[in-house]
Each structure stands twice: as C-alpha cells, then as structure tokens.
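Notes to accompany the following structure.
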2 protein chains.
Amino acid sequence: MALDKIDRKILSLLQRDATMPVAEIGRKVGLSTTPCWRRIQKMEEDGVIQRRVAVLDPAKVNVGVTVFVSVKTNEHNEAWMRKFSGVIDEFPEVVEFYRMSGDVDYLMRVVVPDIGAYDTFYKRLISKINLTDVSSAFAMGQIKYTTALPLDFAIVVDDDK
Amino acid sequence: MALDKIDRKILSLLQRDATMPVAEIGRKVGLSTTPCWRRIQKMEEDGVIQRRVAVLDPAKVNVGVTVFVSVKTNEHNEAWMRKFSGVIDEFPEVVEFYRMSGDVDYLMRVVVPDIGAYDTFYKRLISKINLTDVSSAFAMGQIKYTTALPLDFAIVVDDDK
DNA sequence: CTTCTCGCGCAATAAAATTGCGCAAAGCAA
DNA sequence: TTGCTTTGCGCAATTTTATTGCGCGAGAAG
C-alpha cells in the first residue's frame, strides 16, 4: 500500500480537482495515461482514495452557519457511545463528530442556516438522547476549509526520484 | 439561483458520488441526460457546486490524528487577522479554520500522523506568529465525517412536486 | 546468463460527456 | 381567446475520456 512520489502527485491533483482527465494527470506527473490510470485504480481498490464527491457552497444551500458542539457525559461505556453515534447519524446537520480526550468527551460540527435553526436542531437532539453537559460555540466565519489532506507524511518508497 | 426538488436530488447524489454518469443521475431523478447535464452545468456556473474532489482515507496517508486547536488573542484587528490567515494557509496540516464568537477567538482542525508530529507543527506555528493563548484537544476517534451538506434547508421553488 | 516479474506505453474499443436541433407546455400581451 | 415568446425537455449526432489487450524493456532472482 506504499505510495511513491508519482502516486502522491496524482493524489495531490485529484484532491484539488477530481474532474481532471487521466491523460492530463499523466502528462503532469510524467506518465502516459494507461499506467496513470492503473495507479488511480489501485489506490481506489486499496481505499487510499475513498470516494469522489461534489463539494457545495454552504451559503448557497443555506447552511452558512457552523456551530461546534461540545458534549460531556457521565456515560463512559461502549453501548452508550454506539447509541449516541446512531442518533447523530440521523442528523445530516452534523457533518463531523469526534470522540475527544480531555475536558470534553465529544465534539461535533453542525451546519445550519441560522441561530434559530440551530435551536431547533438542539431541541431535537436532546429529545433523542440524554446529554449531561452541552456547550455550543458559533463560528463567525470560515477562514479555511479544505478536504485535501497533507501528503507530506505519507509513507514513501523509492525515494530517489 | 433557486433550486427545485430535482436540483436537490441531483446535488444529493453528487455529494455522495461524483463519479455517477449523468445518464444514471438523470434516470434516478426522472430526467433524460441532456436536461440533467444542463442543470449540473448551471449549478457549477452558479457556484452551488464548488468543485469535485477525491476524498482520501486519512489513516492511509498517515494523518490519522486530528487535533482541535483553540486560540485566544489580544489582537482584535483586521490586519492581524489577515496575517494569521496567511500563516495558516501555509500549513497544509490545518484543514479547517474558523473565527469564533465567545470564549475562543479562533478554532482550527489539524491533521497529523501522531503526537510528535503535532508538537513539530505547534512549534513551527508559534515561530511564525505570536499567539497569546493556545489550547489543543486531541480527537481519540473520528465517528462521523462527511462532506455532504444537508439540503433540507435549501431554498426551493416550485414546491408542488 | 537465463528466466521471471513489474511497470510502461501504444493502439483499439467502450463509455460518457457535450452539442445541435426541434418540440411542447407555460407565461404573457393584445 | 389567439398568437408570440420563453423555458425546459429529449432525441440523435459528435467529441472527449475511460478502459482494455498486448507487447516491450529494465531490473530482480536464480
């Protein structure tokens, strides 16, 4: 599953623009389309590339407001966690959800049109599951958002090129 | 720029899988390929669809650890904010960056291979810009992550279908 | 030195995107 | 109501891109 420099270049390009024709990618990484295509296939099979998606403009679909919701709980067991996860899965407003170390137990990112919609979401959430301590922090603006992961850390073989 | 039910269905599909042929999308939303294709084009021109990207598996590219970094500052002016933004832009490890209301002034999500790499990142960051108060929270696990925004809030016209 | 494996690239084939054109329904003005 | 205009649909090319089959050459293995 190791990646070489060419694979990384390919990934870098696809992370920016998955529309780019394989032929053009090949040209940019110094490869003809066939081997380039096969590399992409392999990375998809290996799960390095998970999927290709369309990224929408949050404001244009009326979810311009981001809220970070911190949750603390007394329930520190597997079963409860599963239940919580299940509940969260039902909410498309929750776009990210993490189990945290330290002070907060869970952290989620929620997207909604406005404060009012957040309140509605909040009520629906606490009606589905009992939460001890919930704290909401509103984002005033999104300064940076990218789906592109840094590739500088990826394991590299054949590092002479 | 208003969207109707068909547009939303199209967006919903493309948010999940931007690989799907237009013909198939058309079939699923009850449209032939040409009008479906034109709708997609229009939404791209309008910027509703911002881009199409490949989503990678964080663990497989060796950035399995997510850290949320909260920053408080005394500098509450436009110029400083711009500088900060500029610095952050240079760090591919920072995949999200928000200006917050309330207690914390800025919040960012950082992805790295491990704690050690985070420490390296942290040192590089504070060497680039003077930060008053920085607090790091480590994610023990990513329970949910999606690039798909909820479309339930999108403005809809022609709501009779 | 020979054999085997791996990755490359060319050339054909298949699939998907893109365009041109005509048609019909809905809005609008006379 | 009638006739004009706009809008969105779908069929049928045409063009572009993805995908496959095949042979070649370099380097590893024996």
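Order of the sequence lines sets the chain letters (A, B, ...), proteins ahead of strands, with each chain counted from 1.
A:Asp7 places its CG atom 9 Å from the P atom of C:dC8, with the value rounded to the nearest Å. Following rounding to the nearest Å, B:Met20 (CE) and C:dA16 (P) show an atom-to-atom distance of 12 Å. Rounded to whole Å, atom P of C:dT19 lies 17 Å from atom NZ of B:Lys42. Distance B:Asp4 CG to C:dA26 P: 15 Å, rounded to the nearest Å. Atom CZ in B:Arg38 sits about 9 Å away from atom P in C:dT19, given to the nearest Å.
Base contact: A:Pro35 has a heavy atom under 4.0 Å from a base atom.
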Query raised in the report: Run the side-chain hydrogen bond (donor to acceptor under 3.5 Å, both in side chains) check on A:Tyr118 and A:Ser136 step by step: do they pass?
Result: CA-CA 10 Å; A:Tyr118 176 70; A:Ser136 311; 2.5 Å; yes
Requested in this report: With side-chain contact (heavy atoms from CB on, under 4.5 Å) as the test, would you mind laying out the steps for B:Tyr106 and B:Met81 before giving the verdict?
Outcome: CA-CA 10 Å; B:Tyr106 297 94; B:Met81 198 196 104; 3.0 Å; yes
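Phosphate contact (OP1/OP2 of C:dT18, side-chain N/O of B:Trp37, threshold under 4.0 Å): present.
Taking the six-membered ring wherever Trp is involved, the centroid distance between the rings of A:Tyr98 and B:Phe68 falls below 6.0 Å. You'll find the ring centres of A:Phe91 and A:Phe121 inside the 6.0 Å limit. Taking the six-membered ring for Trp and the full ring otherwise, A:Tyr145 and B:Phe97 have centroids separated by 6.0 Å or more.
Both B:Gly30 and A:Thr34 lie near DNA chain D, and the one whose nearest nucleotide falls closer to the 5' end is B:Gly30.
Chain B approaches DNA chain D within less than 4.0 angstrom (heavy atoms of the protein), and the contacting nucleotides run 5' to 3' from D:dC9 to D:dA12.
Nearest to the side-chain atoms of B:Thr33 among the listed nucleotides C:dA16, C:dC8, C:dT18 stands C:dT18.
The existence of a salt bridge linking B:Lys72 and B:Asp105 is excluded, since no basic side-chain nitrogen approaches an acidic carboxylate oxygen closer than 4.0 Å.
Over its length, the helix from C:dC1-D:dG30 to C:dA30-D:dT1 turns its helix axis by 30°, as judged from the five terminal pairs at each end, rounded to 10°.
With a 6.0 Å radius and a threshold of 12 heavy atoms from other residues, nucleotides or ligands, B:Lys144 has its NZ atom above the threshold. Heavy atoms of other residues, nucleotides or ligands lying less than 6.0 angstrom from CG of B:Asn77 number more than 12.
The main-chain N or O of B:Ala59 is found under 3.5 Å from a side-chain atom of B:Asp57 such that the two form a donor-acceptor pair.
Under 3.5 Å, the side chain of A:Arg39 and the base of C:dG7 form no donor-acceptor pair of N or O atoms.
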